[in-house]
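Note: hydrogens, waters and symmetry copies are ignored here, and every other heavy atom, side chains too, is used. Chain letters run A, B, ... following the sequence lines, proteins first, then strands; residues in each count from 1.
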Amino acid sequence: MSANRDIDALIDLMARLPGLGPRSARRAVLHLIRKRALLLTPLADLMQSVAATARECLNCGNVCTADICDICRDDRRATGELCVVEDVADLWAMERAGAFRGRYHVLGGTLSALDGVTPDDLRIPRLIDRIATEEVGEVILALNATVDGQTTAHYIADHLQGRVRLTSLAQGVPIGGELDYLDDGTISAALRARKDI
Amino acid sequence: MEWRGEGILLTVRRHGESAAIIDVFTEEKGRHAGVVRGGASRKIAPILQPGAQLDVAWRARLEDHIGAFTVDLIRSRAGAAMGGRLALAGLNAVTALLSFCLPEREAHAALYRRTGMLLDLLGQDEIWPLAYLRWELALLEETGFGLDLSVCAVTGADEGLVYVSPRTGRAVSHAGAGDWADRLLPLPPVLRGEGAAEDAEIVAALGVTGYFLGEKLAKTLGERPLPQARARLVEELARRV
């Protein structure tokens, strides 16, 4: 048990983070205290700074510390390609892959009747504005291969049809995947999307 | 308390960091909710797509607890649904309507079987709209708002039926309608299993079933509007006309 109220409060807060529970939070806090100069102080300073400056990019919805994020500011990324993703985590995943050199648009979710998410709750009007003002030639719908993700993709496609070239990510066998372990839906999708060799 | 059975997954809602609360439609238990531990994990989340045919085992300490499911995939329908715009809209409409209309833990075995057959036809766009219309009629029947289109409610005639009474859901002939004709709903022949079942006629028929779903059934469920997913399906069908 921690002997200090602040430390207990810190453990409680840490335990609310994804992937952490009370035990791991206690271990993490103890580690931070032991590495006070190396970890705790710089972490506290950075958290304070990020808490003061972190915000959504006004253009694309990415999380950054300025009004406009680095990707939107980078002229080299004005390729005319706009990749639409559901969430900031998806944008970061695409950036990790390093395969896309255009710009992004974060919707902030998917349409969901169950959760009451309607088109007005997503950043679709802003997407339509961007297509008109940024000379976008292609919109890549990089939404999750889930029922909600694809429903949202079709909804966006309906609204952009005829204005711009629309593409979506391929669906099928993942790299390193073995057919024997794939579900029938994935195999069907892969077969439909087969290509000439 | 525990039971095991087969069911169609209707909805999935994330619960906490790693669990999910799902709604399944089973033959014997009807629409039944439960927690799936690890339901948001990489391993289980892809299984939990609406429309999936699941083998479920439910367990709870008391009957009225929400309880926990363990799930196993029998057949995924998301792949077929994602292959086409109409199929996807159809899957969303069916799962949303069932989730909206059916009370929890009340068996609707006939509707369950019909739903399974309807979902297995996803992707066959030529026959699916008519199958869906028949399914909506069955849904109305199961929920107590079935249409009686066999004979005229006024004259008893079984020919020349061109209207449906919005009050009773019974067919009315041209002769029987008289001065009330403009207050009645049109009766597309496809609703009686007649005619060519063109898309335009199916859309018109869905207007009639939609009236009873929205104005009769939904009114008994706390004045909630019908799920938007149904309207999107009708839009999708109208687009094909």
Is [X] close to chain B through its backbone or its side chain, or both, or neither, when contacts mean heavy atoms under 4.5 Å?
{"X": "A/Thr151", "answer": "both"}
{"X": "A/Thr146", "answer": "both"}
{"X": "A/Ile187", "answer": "neither"}
{"X": "A/Leu17", "answer": "backbone"}

Given that the side chain runs from C-beta out, which part of B/Arg239 has a heavy atom under 4.5 Å from chain A: side chain, backbone, both or neither?
->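 The side chain, not the backbone.
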Toward chain A, the part of B/Ile47 with a non-hydrogen atom under 4.5 Å |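 Contact with chain A involves no heavy atom of B/Ile47 at all.
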State, yes or no, whether a side-chain contact exists between B/Val71 and B/Ile22 at a heavy-atom distance under 4.5 Å.
->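 Counting from C-beta outward, B/Val71 and B/Ile22 do come under 4.5 Å.
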Could you go step by step and tell me if A/Asp8 and A/Arg5 meet the salt bridge (charged side-chain N to carboxylate O under 4.0 Å, His left out) rule?
-> CA-CA 5 Å; A/Asp8 282 343; A/Arg5 189 182 294 173; over 6 Å; no
Establish, yes or no, whether a centroid distance under 6.0 Å links the rings of B/Phe212 and B/Phe145.
->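 No, ring centres 6.0 Å or more apart.
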Please determine, by modelled atom types, if A/Asn59 and A/Arg126 share a side-chain donor-acceptor pair under 3.5 angstrom.
->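 A pair is found: one side chain offers a donor N or O, the other an acceptor, under 3.5 Å apart.
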Run the side-chain hydrogen bond (donor to acceptor under 3.5 Å, both in side chains) check on B/Tyr112 and B/Glu28 step by step: do they pass?
-> CA-CA 9 Å; B/Tyr112 168 79; B/Glu28 290 178 4; over 6 Å; no
Output yes when a side-chain donor or acceptor of B/His15 lies under 3.5 Å from a complementary backbone atom of B/Ala40, and no otherwise.
->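 The answer is no, because no donor-acceptor pair under 3.5 Å joins these two groups.
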Highest number of heavy-atom pairs under 4.5 Å with chain B: which of A/Asp183, A/Thr186, A/Asp158, A/Asn144?
->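 Most heavy-atom pairs within the cutoff with chain B belong to A/Asp158.
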Pick whichever of B/Arg75, B/Arg85, B/Gln49 has the most heavy-atom pairs under 4.5 Å with chain A.
->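 Maximum pair count with chain A is reached by B/Arg85.
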